[in-house]
Structures are given as structure tokens and as C-alpha cells.
Amino acid sequence: MGETPYAIEMLGITKRFSGITANDDITLQLKKGEIHALLGENGAGKSTLMSILFGLYQPDEGIIKKDGKEVKVIDPNAADRLGIGMVHQHFQLVECFTVLENIVLGVETTKHGFLQQKEARKKIMELSDRYGLMIDPDARISDITVGMQQRTEILKMLYRDSDVLIFDEPTAVLTPQEIEELIKILKNLAAEGKSILFISHKLNEIMEVADRCSVIRRGKYIGTVDIDATTPEELSRMMCGHDVKLSVDKEPAKTGEVILEVAGLSVHGKKKGKEKVRNVSFNVRAGEIVCIAGIDGNGQTELVYGLTGLTPVSGGKISLCGEDITHASVRKRSEKMSHIPEDRHKHGLVLDYSLEYNMVLQRYFEPQFVSGAGFLKKKVIREYAERLINTYDVRSGEGAQTTVRSMSGGNQQKAIIAREIDRGPKLLVAVQPTRGLDVGAIENIHKQLVAERDRGTAVLLVSLELEEVMNLSDRILVMYEGEIVGEFDPKKTDNEELGMYMSGAKRNTVEADR
Amino acid sequence: MKDNKSMLKNEGFQSVFAALICIIAGLLVGYIVLAIINPAEATEAMLDIIRNFANYPRTSAKMKYLGNTLVKVAPLLMCALSVNFCYKTGLFNIGAAGQYVVGAAASLYGALAWHMPWYVCILMAMAAGIIWGALVGLLKAYGNVNEVISGIMLNWIALYLTNMLLGTVSEAATPYTTQIKSVNTDALIPDLGLRSLFINRYVTLAIPFSVIIAVAVWVVLTKTKFGYELCATGFNRNAAKYSGMNEKRNVIMSLMIGGALAAVGASFLYLSGYEQWQTTQSAVPAMGFNGIAATFLGGLNPIGTIFASYFIQHITSGGAYLDTNIYPSQIADLITAIIIYLCGFVLFFKHLMNTKRASKGGNN
């Protein structure tokens, strides 16, 4: 019969959006039973390509073949029927449902309108055993770990008999230990004949898990390599088009006096009664970068809200430059504190304002920008914004007058960083400042943070990326379930050890300072 | 091609274009309704509505009835500005109708019971509107009560309180409040010769005042620190909080000013002597609600709202010229309601224009 060895072939895929070619003649061939990595920087066109495979977009040119036969994937339901399943970066689970209910959601077996879950339960348990997923079908999604939620997503695909499984940056939310487990599961799935597409920009994971790797850069197909015959350096070169320094150059820190002093701080979460930050104490000195590491959702967000005044604290004391600011207003704090927020769209920017208006968001009320009668000095604002735009290389379509919504994520972030750094703060709180940015932009932002440190600013960095933590920080504090469970010197620790603390497997009691 | 595209992208152009589409769609649907009832007379009837005061052959009559339209444009414009102002802070001030009602109550009571001069009556209306707006604002800021819900409830409270209060100053034989000119001519807003120009004694300074206030609202929103804060709060409440703005205060201030605008609008109408308050009315006057339509038709821009308010009032007054021998008398209200209803679709059409462009090829 001459059966094709490929489960999925995407041949010559081109997709254009007005003026931008997101995918330019890309070919991707996924062999049956292999783990195939798709590597590219943010904005390289990975998501577009996967959206085409999943039926969310139609390609302008090119064809898709499933098991050698040309198919049209007109919508996600068609993808489902073809046996193509996807685990999205943000899980698509109903929080208040059980694992079982989530898995059968949409394909429930019913009799006279009543759910028949016995058979479903049997099938799910069989699948779970077969692939070593170890799930509890009756646990609620809101109660289980992120790793287990991900395995629920995997089971969802298996339950629907998908044989092509797409994983979109599956490790972004996991601890190092959970990542290892996932890798085992992936290999298991491949051994059982499933074909896996693994989207990532983390080279070491790809080296560990994948059989082959296809690289795309700026919408163009660069090539496909066998993992056995390549190195991380080569992959990095293919991805970026040039050699990228993966680590940051920095001198040893010259620390000065204590700038931020946090003692016994507690902060409530959104729901009253539940403390998301419990009795946290630490210092940040002038001229050092202190990094709070941890898995997402362990109280880092609430800690920052408490520090910056966005949420009232429920206990403890915060001092900035020797001044008690525990209950000070946001504006009072921002005299000496700059804040690069976690969510630039939620807090950092007024997206419908122009770039110049956003550049003065933290200082529009200063006499240099507003007249005594309350009128904005538009000319001064324009000049100020243009200076920041030039100094920090913020790129946009129409300069200072560009609506921020239309700017790229990287440049939006640059604008925030320009605004916050230019105020010359004593303390810079930077929360995931490089999230969702490409390698070039990350390099730039890392340099700026180090430059701020060398200027004598106290920098508090909150990051979920271990690599960033290890590269940038002078001290590392690990946060787990609202508490600081360990303090480390980045030179004397490794990912392994941090991972143990981040997942709660180990903990120390940390004193207020060293 | 490139010019064409950038013009389509232009915010102002989009607003005007969408408003025109809405007007045409409204007129078209109105025409269809007329045609269904009586196809032979539909065209003439529609033209009667659109002509409004121009139905009269003599210039003096035209001026007089143009004046009648303008008298009601002033309060409509003020209500529209009220909605517009609050909308910029991210609030939907459906309570403008109730703020309008308390404005009527305060100004009429001041004029009829306390015999105050016109400017004091306007200030009284303003104070009443500020209080009524502040109620909504306080509930929103401190109780997170949706401003639409509290606004609607307060509309009804305002209506019946006003009926009670003005019942004390109504004519003996009718449920209408006493005519201002018969007790206190000082309470009528002066005209500086506008009356003789329009040959219409209801045309007063209220009309130019409302236009000046529209320009002032535009200046406040676009040129001042206060406007910067309000719009930032409206666009993104979280970012406002992040930058240390007092968003609670901004919400309350915005509704207080919105209340003042709508209430002063009511005083502009009632202190011209054009209308008397009917103390038995059981419906909140439509002025506040029409203000919502005028705001959206005006592209949420105070200057655009001036023209939109005029158009809506022009159509509303024009409805009176329908031949009631051919069409039932309610049809005039129906037609104008349809047109006003479709005026609210400006944002929808704008959205449509933008998504159309995006789907033609635009990365989100």
C-alpha cells in the first residue's frame, strides 16, 4: 500500500495578515509515534501555524495531510474529528467540576437525558493506568495541582481518541520535578503510537524530550534537525539567526543600605479570610537584585500588591528608606518606588491612551506637566515622551501619538520600563518583566535591570523563569504557599535544589535578613 | 488606496460615518413602517417629519417653530453631556433621567414657591442634580452597586418625590404647575433679544448656554488633569489605581458632575416657561433617555453631541407634522422612537467597520 510514515503533514503553509506574513511557506512533517518539537521565538509564527492545524485559521496557501490524505480543517470540531487534540497553554477546564466531569464535557454519554458516567469512568481509569497518568477522577479541578490539571487535559484528548497531540508550551507552569514527570508521560504516549507536537522555546527540554525539531524564525521555515545530531547552540542559532548570549554579564553587587524592609507581612487574597501571604520578612538593599522565585500562584502577586499598595495588608510592617509605608497610599509610595506590574494590560497601561499619555501615567500630576489651573501641558508631555521613546528605543507606528493598544507586546513593555526607570526610583519592583517577550527583548530588559542595580537602586524581581532567576539575582528567595521557604545564593545553588523548595518538598525557616 | 485606508482608520471620520449610517437606517426603517400602514402617503409623511419647521411657508413661522425645536435641544444636549461625561469614566449614567427630574423639581420649586430669580433656580437645580448623582456614585464606589440598577431605581424615586413636591405649587384646577410668568417673571431665563429674533418667547439664553457648556465639557475632558484622570479611570480602572489615582473619588465626582449637567438641563427647559410639570405623570420624562441616544449618535464627543442632540430633537418635533387623518397619532412617536433607537447603534457600526478591516487582514 505504500503507507506514509507521516501522521500530519503541513505543506507549504502560508498565512498573511494585513501586511504581515505570519507563516511563509512553512512545511512541517510529523512522523507517527514521534515527539516533534516546534521551536521559535515569541512572534515567530508558532501559534499561527498551530491555529491553522487546529482549524482556527485557514491557510492562504498550502495543504494539510492527515495520514497521507489531504484534509480541510475548517474549525476546531473538524480537528477533533480528525483526531487532533491540543493542550493549550492556559488550560480549558471548568474549575468547579471534577476531573471526570471535565474529561467527558462535550462528549457525555446520556440515557434519557441522564448522565451515564460508569462507562466513562471505566475508560478513563483504563487510560490513566495505561499511560501512567495517576489521576483521581473525583477530585475537583480547583483542588488539584497544576501538574494534575495538565494530565486531565491530556486525558481529555485520549478520551476523545486523538492520535495527534499538540502541547503548547506545556512546561511553562510546572516545577522541575513535574516537568520530568511530564517528559516521562510524553515518551510513554509516543511509545504507544501517539504522535506529539511539542511547542517550546526552551532548548534543554527539547534536547531531552524530542526526536526531531523544526525551527521557524519570523514566519519562515528554517529547517528540521534530528535531536541526536544537534546541539543546543545550533538550535539557538537556528532560532535567533545569530549567536545569543544566554547568560547576563554582571559585576558582583555593591550593596548599600537597606532600602526595603518587610517584617511579618501578611496579605489577604481576593476572597476575604484566606491569607495568600503569611508572615513574610525580608530586606532589599541598595545595589542588589533580590529575586522572589516560585511557581505561579504561591502568593507572589499578593505580596507585590501589598508592597505597592494595590491591596491593603492584613498584618506586618513595610518600610521604604526607613519610612513606614505600611498603610501609605499608592501615590505616596510611588515617590520612591517604581513598579513594573505583572500584567501590563491590566495595570501597567491605559491601552486606549496614546503612548505619550502612558509615559506620564505616574507623574502627570507633577507641576512640570500640569499648569496651576489644572490644564495639561501637552507640549511638555510630548517632549518628555519623545525623550523616553528615543532613550529606551520604544518603537511604534506613529511615535508619541500611537495608541498603545496597537503596539507590540515587547514595545509596550519597553514603554513601561522606560517610564518606571526614568523616574529614578530607590526601589524597583519588577514582576515577570520579560513575560511573553522574545529573546532579543529579554536581553535588553535584563541589561536595563542590571544597570539599575549598578546605579544603586534596590531591585526586587519576581520571576517564574528559573533561568532568569539564576542569571539576574544576587539573592534568591523562594516562595511557597505564601511563605518564604528558603534563601539562596545563586552561585551556590542549582535548578534542582530550587525546584525542591518551589514545590514544597523542602523548606527552611528564613530569618529577617542574613 | 493608502489615503482611503487611513481615512477609514481615523476615529473622527468613523464616528461621523457611523452616525450617518444610523440616521439613514433609522429614516429607512421609519419609512418602511409608514409604507406598511399607508403606502400612498408614506413619502410625503416622511418628508413632513424631516422638514419639521420648514413645513411652514412663511419665514417668521419657520423661525418660530425652529425656536420651539431649539428650546428642547438645550435640555436634551445637557442630558446627553451628562451621559457622555460619565461614560468617559466608564459609567453608564442611565440615572440622567432622574437627575433631570430633580432638576425640574428644584428649579420650579425655587421659582414658584420661593420666588427666586432664574440664576438661583438654576443653582438649586444644579445642587439637586449633584446630590442625586452623588447617591449613585457613593453606592457605586463604596458598595460596588451597579450604577444602572441604582440609577433606574432613583429615577422612579425622583419622579414621585417631584410629583409630591410640585403638587404644592400646581394650579388649582389642573395637575400642572403654575405658569412662571404669572407669579415670578424674574425666574424666566433672559433672552438678550433672542425672543424677538425668533418671534418666540420661549427662546432664551439657555440655548447658547448649553452649547457653551458642551464646549467646556470637551475642554475639561481633553485638556485637563481632571479629564486625564477621569478618562484613564474609564478606560482602565486597574491602571488608574496602579498610578495612584483615587478612582473611588473619580467615580463619585464624575456622577456628581453628570447629575449637575442633567439637572441644569431641566432648569433650562422649565425656566423658559415652555412647559409646565404635570404632577400626575407616571412616567419618567424621556429627555434623559434620549440623551443616551444623542451621546452615542454624537460619537461620545461633546462637540458631536451638539449636532446629534439637534438632529434627534428635530425629528422628535417633526413627528408632530404627521397627518393624523392618515396615520394614527401614536405613529409619530413610534417613528421617532425607531430613529432614536437606531441612533444608539453608532458604536455597533464602528465596531463592525473595525472588525471588517481586521478580518480583511489585520493581526488582531
(request) Find the one option among T48(A), D352(A), V370(A) whose heavy-atom pairs under 4.5 Å with chain B are most numerous. (result) D352(A)

(request) Find out whether F235(B) and R405(A) are in side-chain contact, i.e. whether some heavy atom of one side chain is under 4.5 Å from a heavy atom of the other. (result) no

(request) Assess whether atom NZ of K377(A) is packed by more than 12 heavy atoms of other residues, nucleotides or ligands within 6.0 Å. (result) yes

(message) For the CZ atom on R249(B), are there more than 12 heavy atoms of other groups (residues, nucleotides or ligands in this structure) within a distance under 6.0 Å?
(response) yes

(request) Could you tell me which portion of E420(A) (side chain, backbone, both or neither) has an atom closer than 4.5 angstrom to a non-hydrogen atom of chain B? (result) side chain

(request) Rounded to the nearest 0.5 Å, what's the gap from OH on Y242(B) to CD on Q362(A)? Could you check? (result) 4.5 Å

(message) If you count heavy-atom pairs within less than 4.5 Å of chain B, which of P341(A), S334(A), G309(A), S329(A) leads?
(response) P341(A)

(message) Return the SG to OH distance between C231(B) and Y353(A), rounded to the nearest 0.5 Å.
(response) 4.5 Å

(request) Kindly compute the distance separating CZ (R331(A)) from CE (M245(B)), expressed to the nearest 0.5 Å. (result) 6.5 Å

(request) Check each atom of Y305(A) against the heavy atoms of chain B and say whether the ones under 4.5 Å are side chain, backbone, both or neither. (result) neither

(request) Check V330(A) against K241(B) and note the closest heavy-atom contact, atom names and distance. (result) CG1-O, 3.7 Å

(message) Please classify the contact of L349(A) with chain B as side chain, backbone, both or neither, using a heavy-atom distance under 4.5 Å.
(response) backbone

(message) To the closest 0.5 Å, what do you measure between OH (Y228(B)) and CZ (F365(A))?
(response) 10.0 Å

(message) Within this structure, what is the NZ-OG1 distance for the pair K378(A) and T222(B), rounded to the nearest 0.5 Å?
(response) 5.5 Å

(request) Working to the nearest 0.5 Å, report the span between OG of S243(B) and CZ of R419(A). (result) 8.0 Å

(message) Has N236(B) got a side-chain atom pairing as donor or acceptor with H345(A)'s backbone, closer than 3.5 angstrom?
(response) yes

